[in-house]
Amino acid sequence: MPMQLTMAIYADAVRRLPDVPLPAGYAMRAYHPGDAASWADTLRKSDFVTWDEAQVLQFLEVPERREGSRLVEHGGRVVAATFASRISNRPMPPAVAADASEEGVLDYVVTHPDHRGRGLGRATCTEVCRFLVSRGCKAVSLNTDDFRLPAIHVYLSMGFRPVMNGRDIPERWAAVYDNLKEGGREYA
């Protein structure tokens, strides 16, 4: 399996992100006890098939991640969510800050399939990016897969840019841009 694509956005661009209004009936908030099972269900329905309640709770054991992660609730269920992390456990892409503690990470951006197309992913990403920048991060990165074109479109439209951190990455990004263009979304 090829390495995931990495994208990054710098703090100054995060500060310029517009607010993302949620549709009626949806609410953005931090994690509350009791959310883990519903969050895990949304992760599983968004292709992260191995996640369960225990894994969500374990991931949220990091105090900053628990505080900074955001979810969207609808009808008492978690329908979109993003974890707020730091890059501390992986190699530092050259396009971001030299100190790994100064780079935030959007981990596992998900929107339940029944609630896609409503701006929920953009809203959670925006709020988590703002949290991480408010905590001193100079950049925020994420990893994604080449085939996740709707998500990549959202990230590019927010100001995230590709990180060229491997030999095959430029050609993979060229293919992603071609696929986006075929779908009516063109980026330079």
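Residues satisfying the side-chain hydrogen bond (donor to acceptor under 3.5 Å, both in side chains) criterion with Asp41, sequence neighbours excluded, are Lys45, Arg77. Annotation: side chain to side chain contact (heavy atoms under 4.5 Å, CB included) contacts of Arg185 (sequence neighbours excluded): His153, Leu180, Tyr187. By the side-chain hydrogen bond (donor to acceptor under 3.5 Å, both in side chains) test, Asp178 is found to be paired with no residue, residues two or more places apart in sequence or in another chain being considered. Judged as a side chain to side chain contact (heavy atoms under 4.5 Å, CB included), and not counting sequence neighbours, the contacts of Leu57 are Tyr31, Ala36, Glu53. Partners of Arg135 according to the side-chain hydrogen bond (donor to acceptor under 3.5 Å, both in side chains) rule, which considers only residues two or more places apart in sequence or in another chain, are Glu67. Scored by the side chain to side chain contact (heavy atoms under 4.5 Å, CB included) test, Gln4 finds Asn143, Asp145 as partners (sequence neighbours excluded). Residues that satisfy the salt bridge (Lys or Arg N to Asp or Glu O under 4.0 Å) test with Asp146, not counting sequence neighbours, are Arg172. Residues satisfying the side chain to side chain contact (heavy atoms under 4.5 Å, CB included) criterion with Val20, sequence neighbours excluded, are Arg122, Ala123, Thr126. A search for salt bridge (Lys or Arg N to Asp or Glu O under 4.0 Å) contacts involving Asp19 returns Arg130, not counting sequence neighbours. Considering only residues two or more places apart in sequence or on other chains, Trp173 meets the ring-ring contact (aromatic ring centres under 6.0 Å, His included) condition with Tyr177. Not counting sequence neighbours, the partners of Glu64 by the side-chain hydrogen bond (donor to acceptor under 3.5 Å, both in side chains) test are Arg86.
Screening residues 114-146 for ring-ring contact (aromatic ring centres under 6.0 Å, His included), with sequence neighbours left out, gives Tyr26-His115, His74-His115, His112-His115.
Summarising the geometry, atom CG belonging to Leu43 is positioned 10.0 Å from atom CG belonging to Asp52; distances are rounded to the nearest 0.5 Å. The distance from atom CG of Leu106 to atom SG of Cys129, rounded to the nearest 0.5 Å, is 4.5 Å. Taking CZ of Arg16 as the reference point, atom CD1 of Ile9 lies at 8.0 Å (rounded to 0.5 Å). Taken to the nearest 0.5 Å, the CD1 atom of Ile169 stands 4.0 Å off from the CE atom of Met3. To the nearest 0.5 Å, atom SG of residue Cys125 and atom CG of residue Leu17 are 10.0 Å apart. We find the OG-CG distance between Ser141 and Asp107 to be 8.5 Å, quoted to the nearest 0.5 Å.
For Glu103 and Lys138, the salt-bridge test fails: no basic side-chain N is under 4.0 Å from an acidic carboxylate O.
A donor-acceptor pair under 3.5 Å is formed between the side chain of Ser157 and the backbone N or O of Val154. In this structure, the side chain of Arg70 does not engage the main chain of Glu127 through any donor-acceptor pair within 3.5 Å.
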Quiz item: Where do Arg29 and Asp35 land on the side chain to side chain contact (heavy atoms under 4.5 Å, CB included) test, with the steps shown first?
Solution: CA-CA 11 Å; Arg29 63 177 174 77; Asp35 289 333; 2.7 Å; yes
Exercise. Using the side chain to side chain donor-acceptor pair (under 3.5 Å) rule, take Ser85 and Arg65 through it: C-alpha gap first, then chi angles, then the decisive distance, then the call.
Key: CA-CA 5 Å; Ser85 298; Arg65 185 180 289 145; 2.9 Å; yes
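When hydrophobic clusters are built by joining Ile, Leu, Val, Met, Phe, Trp and Tyr residues whose side-chain heavy atoms come closer than 4.5 Å, directly or via intermediates, Leu149 is grouped together with Leu142. Grouping the Ile, Leu, Val, Met, Phe, Trp and Tyr side chains by contacts below 4.5 angstrom, directly or via other members, places Val176 with Met164. Hydrophobic clustering (ILVMFWY, side-chain heavy atoms < 4.5 Å, transitive): Leu60 and Val110 are in one cluster.
Contact annotation: the side chain of Val140 never approaches that of Val105 to less than 4.5 Å [non-hydrogen atoms, C-beta and beyond]. Counting heavy atoms from C-beta outward, Thr144 and Ile152 have side chains that approach closer than 4.5 Å. Proximity of Val79 to Glu73: side-chain heavy atoms (C-beta onward) are nowhere separated by under 4.5 Å. Annotation: side chain of Val72 is in contact with side chain of Thr124 (closest heavy-atom distance under 4.5 Å).
Looking at every heavy atom in both residues, Thr42 comes nearest to Ser46 through O-OG, 2.9 Å. Across all their heavy atoms, Thr82 and Val128 have their closest contact at O-CG2, 3.6 Å. Between Ala84 and Ser69, the shortest heavy-atom contact is N-OG, 2.9 Å. Taking each heavy atom of Leu156 and Met7 in turn, the nearest pair found is CD2-CE, 3.6 Å. Here the closest non-hydrogen pair linking Cys137 and Ala11 is O-CB, 3.7 Å. The two residues Pro23 and Leu120 make their nearest non-hydrogen contact at CD-CD2, 4.1 Å.
For the pair Arg148 and Phe48, the cation-pi test (distance below 6.0 Å, angle within 45°) is passed.
Using a 30° and 60° split on the angle between ring planes, Phe59 and Phe83 fall in the perpendicular class, above 60°.
For Trp39 and Tyr108, the ring centers sit 6.0 Å or farther from each other.
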